[in-house]
Each structure stands twice: as structure tokens, then as C-alpha cells.
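Since the structure comes first, as C-alpha cells, the remarks are kept for the end.
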There are 2 protein chains.
Amino acid sequence: MASESSPPAGPSSPATPRRRPTIREVARRAGVSHQTVSRHLKGDTTVNEQLAATIQDAIEALDYRPNLVARAMRNHRTGRLAVLLPPGSAISSLEILSGAKEIADAGEYVLEVVTVSGSAEMRDRRALELRDSRLFEGVLALTSLSDLPQPDDGRVPLVTMPLYDEAMRGIGALASAGPEHEIISRLAELGHRRFLHLAGNYAHAGAMRRRDMYLQTIEELGLESAGVVDCGWDGDAARRAVADLPADSGITAIIAANDILATAAVSGAVRRGWNVPEELSITGWDDTRVAAVTTPSMTTVAVHHAELGRRLMRHLLDVVASRRRGADDASDPAPSPLEDDWRLAEVIWRESTGPAPQTPPAR
Amino acid sequence: MASESSPPAGPSSPATPRRRPTIREVARRAGVSHQTVSRHLKGDTTVNEQLAATIQDAIEALDYRPNLVARAMRNHRTGRLAVLLPPGSAISSLEILSGAKEIADAGEYVLEVVTVSGSAEMRDRRALELRDSRLFEGVLALTSLSDLPQPDDGRVPLVTMPLYDEAMRGIGALASAGPEHEIISRLAELGHRRFLHLAGNYAHAGAMRRRDMYLQTIEELGLESAGVVDCGWDGDAARRAVADLPADSGITAIIAANDILATAAVSGAVRRGWNVPEELSITGWDDTRVAAVTTPSMTTVAVHHAELGRRLMRHLLDVVASRRRGADDASDPAPSPLEDDWRLAEVIWRESTGPAPQTPPAR
DNA sequence: TTGAAAGCGCTAACAA
DNA sequence: TTGTTAGCGCTTTCAA
């Protein structure tokens, strides 16, 4: 350690120095104080132009680049935010991320995506570690955390919007099934009376909520349900469910829990010689990119994940900014990101749905 | 600012201290030296059990959590890696990322995804800034960068594997079109002679390469091409292309540049009353999740993005580890991540392809 | 406009 | 087993 600032005399003494240049080496080479170099780096215009040029030369000659860790240690600004996700990588979370990233980029922030796993207690601890690590200016948690205390002692904001449980299954806003109600109501208006639901994997809150919403809406509107088939996101199961339907089931509409099940259901129907939507209406969920071009094109629900990510990130940036301004507790309460009338999800009507057939079942 | 270390006398003097507790406060409260606290934090077992308990109490009482920036400054370990991407978010990049993340997690590393934009020069600069920022122990660049110098002076490794151009369009390994050759060869074996290609947006290297590979293979095998239709990823264009085909075109196989175009092509064929694959074989690319359940299910190409991410990250971790071991230049050259016979992409044969019809065209 | 001194919070090295 | 000292590389005082 002691011999480090002078040329190393060890056996592996190379031509290039083994240590990275610091602001002091730059200063020495430019014949100024390290402080002046610091000012120059900061873009301080009070630095003499001549000197600035000399310093710049030294920087380039030494291939100097600032140590951001040291800088962060002094000025408490890192330009970084952390996003907490549960392990696994549902495509929806990646879309949320890309929306969040977009906003963070615009705010000159860099995002760090951190996976937090383990028990609720461990996740809480990890979240607090990150919040207080001084590596970040803010933390956005998309995992479910306990209601953690947020002391006003210079700690950085931790914004929580639980979207996923520990197994990366959508909860909260993501699991909302409102559009299901809209779909069934509209189909009822089109004359449909008897429905079937192809359910997803109930481990996902969304699948559960869609099933519940299905049953609730059927009851609310006085319609009939021929049942709920648990497909667990398995397309084959959905295809078989339709293939095995009794000819006189009287079903004229199938509500599938996602586009894969819906597409598979179409496949099952077509193989039986049923026309969609003339004899059977089918709906999906997710608005996958293929859904627009299948035969027939699929009525489905688009979930605006990226926009959700944008909103969450905007909210975090608001909070970070207001904290930085030293806003006292109640002064500037950034609004919840989902409070206005924005719709997270939206029904996309396409060819796979139509009026109920005149003569219902018996094919 | 000056009044921070003593109790603030200002108007907003709260009950909670305005400053975060440090290791020294913990030490004071526990009646030990800050060094002992540091040791305890490190899990050093030489610390007296009684003392350890006292220290732990103090930590909890003060709600202390270590400043990772300060720690990194001393020990030069941050446990973080950076991944560089161009702005935008191709779905493939998200898959690569999730594979990379998986490996990073296993190695106790946290990933930071950094977007680098601007000119080639600016991107190079930003990459070097990050490499030398001391915030990361390694950098994985998926963007195209110049051939940057990698001095042996304690700088952290920067591994480059250009997969995307500045506009987030796949290049390099991602744009490889090898499987196209396999598809066409097999279809030729099945008796197909006359082909049509539905091309994507040529701004994407992948679309370009697939078209080139199509033309090259057709020529190589002495087959006929009825042409290349530029669809630019637009499903409607693909559907129209098939819908508008002359009845006597003689085409028995369509090679589409992705699953959307392929699915749309099926739609166009079905609307004309052509059966797929009995009268027309159609292939896609991407193996989207829906491709397995469309009617008919789609022959396509699965690109193993997540595995690519895993391999790249393994490679980076290898390099990081060997550097840390102080490996001199040539000692332990971590192998290139893509050198072995692993196939990035794979043809998935499904129902949309079959033998050429006995009596070719004239429908 | 520039320089000197102090210190951010932590850990490595040494001393006790 | 514990404490003391030094210093990581930078920026913020404050003085010249």
C-alpha cells in the first residue's frame, strides 16, 4: 500500500500502471491542485480556459475517468433508482419495466433491477437494505412488502405498488378482471345466453379473478354458465375442452382466460366444423401480437403494462424530487399513480365474437 | 448544511434525527469501537458473543443499515454488473436479460440495465465511463461499440457481444438465418418446388438475412421463387399478399419472416378456401407462445434468447473471476460464449407444413 | 480564480 | 479479542 503511489517495484511491474489514475494524478500532471480538476470536471466556468485545456489534456493522456463511487459518497447523488421484482420473469413485468425505464431515462436516472426473493420478512429486509444503501436515490417495489416505516431522516423514498406475489403472479391492479364484465355484458346484448369459461392457472391471481368475475357477471346478468374448465394455461386442455363438448350443450360463447387458451379453443371448434363466430363466440386476454391476425382475429383484452410502468416511475420520480426539495411530511403528497380514471386494461373487439346464432345449439 | 451534525435548531426540527446513523453511532451506543461493529457486520466470529448481541441491539435500536457506497469505496467490491442496451425494448432483449439475470443472481451479483444512446462515439464514451466508474465489477455490452482498449490497470472487464444496433434491431448472432436453410431443404424433400417469401422490415438485420438466406437457398437447391413480398412486419400486408395470389401461381410453400406474417398468411389462405398444409405449407419465425395452438399449429423457429443471456453472463462472470484472481494477460482466456456447437435457434415442425400437393397449382 | 484542509462512512492494517 | 490509525477518491467549505 505504501509503495503504490510511486512506480511499483514488484515482479509484475508492467508498462501500464497497475492503479487507476485519480484526480490527483491529473492535477499533478496539469500542474494544478486536485480541486481545480474537480471544478473543471464539474463544468465550472470559473476555471481559466488555458488551465482547463491543460487539465483536459492530462485527463486524456492518463485516460482518466471519475470514480463515481467516491463522488456519490460525497454528494449523495448517484443518479440511480432500484426496481424490486420477485424472481422469475413474467413477460408482463418486463413490459412494466420497459415503461418504467423509459421515464427513468428521460429523468436521467439509471435503473437497477433487483430480484428479491424469500419470505416476506427477508424481502422486507432486503428492500430496506437497498433503500438505505445510499446506492440509490429511490426504490420502486413491484413486490408485495409489509407496510414499512419511512423515517424522515434523510432516507430515500421507497414506493410500493405490489403487482406480484412471491411467485410472480399478478395481484392488485394487474389481477383486476373488470374487462371480463364488459365482455360478457356485450355478448349478452348480442343475444348470448349460455357461456363456458376456460380458466387459467389459479396460482395466478388474475386467473382466479377472471373466473370469479365470470361467475359473478353470469349471475348478475341472469345468464347461464355451462361450467368452468380448469386449463391451467395449457392450450391442449382448452382445445380438448371444446372438442369434447356435447353437441347439444347450447353454449354460444366461450370466455378464455388468455389468448393461448382462446386460440386453442378456436382450434377445437374448427376441428369440429363449428364456425367462429357464426356458431360460437370466443374471447381471450392479453392481446398478444398474433391475436390480431389469427383466423378469425381474436377479441381480447389489452393490458397496458408499459403505461403502468411509466406511471409508477413518474410517481417515484415525483416523490424523489419532493424529498430532495426537502418537502416536509404533508406538504407535497405525490398522488397515487393509479388514482385517476385511466384504464389499465381495455377490450379489443375483433372477429372471434359476434351475435349469437339464431337457432342456438344442436349441431 | 453546516448544522447537520448537531441537533438542528431550525424550525423543522423533528423528533427523528435528520441524519442517518453510521457505524460510529452504533459503536458509541454499544460502547465499542466502530471497528468492532464493522467486524460484527462482516460476520467476523472473533467478536465476543456478548458484544455481538449488544451491537446487534444497537443496530436495531438505531435502525442502522450500512452505506454500501462507503463500503464499495474501501473494498472495491460492489456485487453489481452493468448490462448495456440501446434504448427501446425488443421483447428478445427482455428474454436475454432474464437469462442473464438468472446467472447473475446465482453468482450473487445484481444487474443494472443501462441504456446507451447517441452516436457511436458517445456510446463508447458512456461505456467506458461505466466500466471505470467503480460502480460495477463488470460490464456486458449488447450494443455495438468500437473495439475499445482494455488496459490492464485494475479496470474492470467490459465484455462485448453486439446483438443490437442503435435502434434496438437485432444484429450479429440474433440476425442469423441458418434455420431458414433447414426449413427450405426439408420442404424440398417433401416435394415443394415453388416458394414465396413474406419478408419483414429490412431495417432489421434479421429480416434482411432471412430474405437473403431464402434467395440463396432457393438457388442452391435449384428451386423456384415466385418472389419476395415486403410486408414490413405488417400482418395485413401478408394476408393481402396471399389473398391476391394468382390462382395458378404454382406456389406450394410460403416462408414468412415471423409468426405474425405466417399467421396472417394462413388467414389469407383460409379465406380463399385453401387448406394449410394440404394445399399450401407456411412457416414462421419466433415460436411465439400462440404458435403452438393456432389452426393449424405453426411450423416456426424458436430462438433461445434466455439461453443466450445465460451464456453471455456466464462468460462475463468467468472474465470477472479470472481478473480478480489477478490472471495475467494470456493465462486464463475465458472462452467465447458462443463458440461451441450450441444452436441459438431451432426449427419447430408443426402442422402448418406438410408434403407438397400431388397436383400442384391450378385451384 | 485558485489552493488547502477537512471529511463523507467504511474497512485494511497494525498495535495493544 | 479489541482498538487506533490511515486512507479509499472525491467535493465542500473556507482562505488566499
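These figures come from a predicted structure and were not determined experimentally. Throughout, a chain's letter reflects where its sequence line sits, starting with A, and its residues are numbered from 1.
For Arg125(B), the salt bridge (Lys or Arg N to Asp or Glu O under 4.0 Å) partners at least two apart in sequence or on another chain are Glu129(B).
The minimum heavy-atom distance linking Arg20(A) with Arg65(A) is given by the pair NH2-O, 3.2 Å.
Here the side chain of Thr78(A) pairs a donor or acceptor atom with the backbone of Leu135(A) at under 3.5 angstrom.
The phosphate of dT11(D) (OP1 or OP2) has a side-chain N or O of Ser38(A) nearer than 4.0 angstrom. Contact annotation: Thr46(A) side-chain N/O to dT1(C) OP1/OP2 distance is not under 4.0 Å. When the side-chain nitrogen and oxygen atoms of Thr36(A) are compared with OP1 and OP2 of dG3(C), one or more of them lie within a distance under 4.0 Å.
The base of dG9(D) lies outside donor-acceptor range of the side chain of Arg71(A), with no N or O pair under 3.5 Å. Between the side chain of Arg134(A) and the base of dG9(C), no donor-acceptor pair under 3.5 Å is found. In the interface, the side chain of His34(A) is paired with the base of dT11(D) through a donor and an acceptor atom under 3.5 Å apart. Contact of Arg20(A) with dG9(D) (side chain to base): no donor-acceptor pair of N or O atoms is detected under 3.5 Å. Looking at Arg39(B), its side chain comes within 3.5 Å of the base of dG3(D) through a donor and an acceptor atom.
Nucleotide dG7(D) holds its P atom 19 Å from the CD1 atom of Ile23(A), rounded to whole Å. Distance Arg77(B) CZ to dC8(D) C1': 17 Å, rounded to the nearest Å. Distance, His76(A) NE2 to dT12(D) P: 11 Å, rounded to whole Å. Atoms NE2 (His40(B)) and C1' (dT1(D)) sit 15 Å apart, rounded to a whole Å. dG9(D) atom P lies 12 Å from atom CZ of Arg28(A), rounded to whole Å. Taking atom CG of residue Asp44(B) and atom C1' of nucleotide dT11(C), one finds them 12 Å apart after rounding to whole Å. Taking atom CG on Asp132(B) and atom C1' on dC10(D), their separation rounds to 16 Å, with Å as the unit. Rounding to whole angstrom units, CG of residue Leu51(A) and C1' of dT2(C) are separated by 9 Å.
Residue Leu41(A) is out of contact with every strand shown, counting any heavy-atom pair closer than 4.0 Å. Contact annotation for Val47(A): backbone-only contact, meaning every heavy-atom pair under 4.0 Å involves sugar-phosphate atoms and none involves a base.
The 5' end of DNA chain C is approached more closely, in terms of each residue's nearest nucleotide, by Met73(A) than by the other of Met73(A) and Lys42(B). Checking Gln35(B) against Thr22(A), the closest nucleotide of DNA chain D that is more toward the 5' end is the one next to Gln35(B).
Enclosure of atom CD in Glu121(B) is not indicated, since only 12 or fewer non-hydrogen atoms of other residues, nucleotides or ligands lie within 6.0 angstrom. Counting non-hydrogen atoms of neighbouring residues, nucleotides and ligands closer than 6.0 angstrom, the CD atom of Glu49(A) reaches no more than 12 such neighbours.
Residues Ser98(A) and Glu95(A) have side chains that never bring a donor and an acceptor to within less than 3.5 angstrom of each other.
Nearest nucleotide to the side chain of Arg74(B), out of dA12(C), dG3(D), dG3(C): dA12(C). Each of dG7(D), dC10(D), dT1(C) was ranked by its minimum atom distance to the side chain of Asn48(A); first place goes to dT1(C). Which of dG3(C), dA13(C), dT1(D) sits closest to the side chain of Val32(A) comes down to dG3(C).
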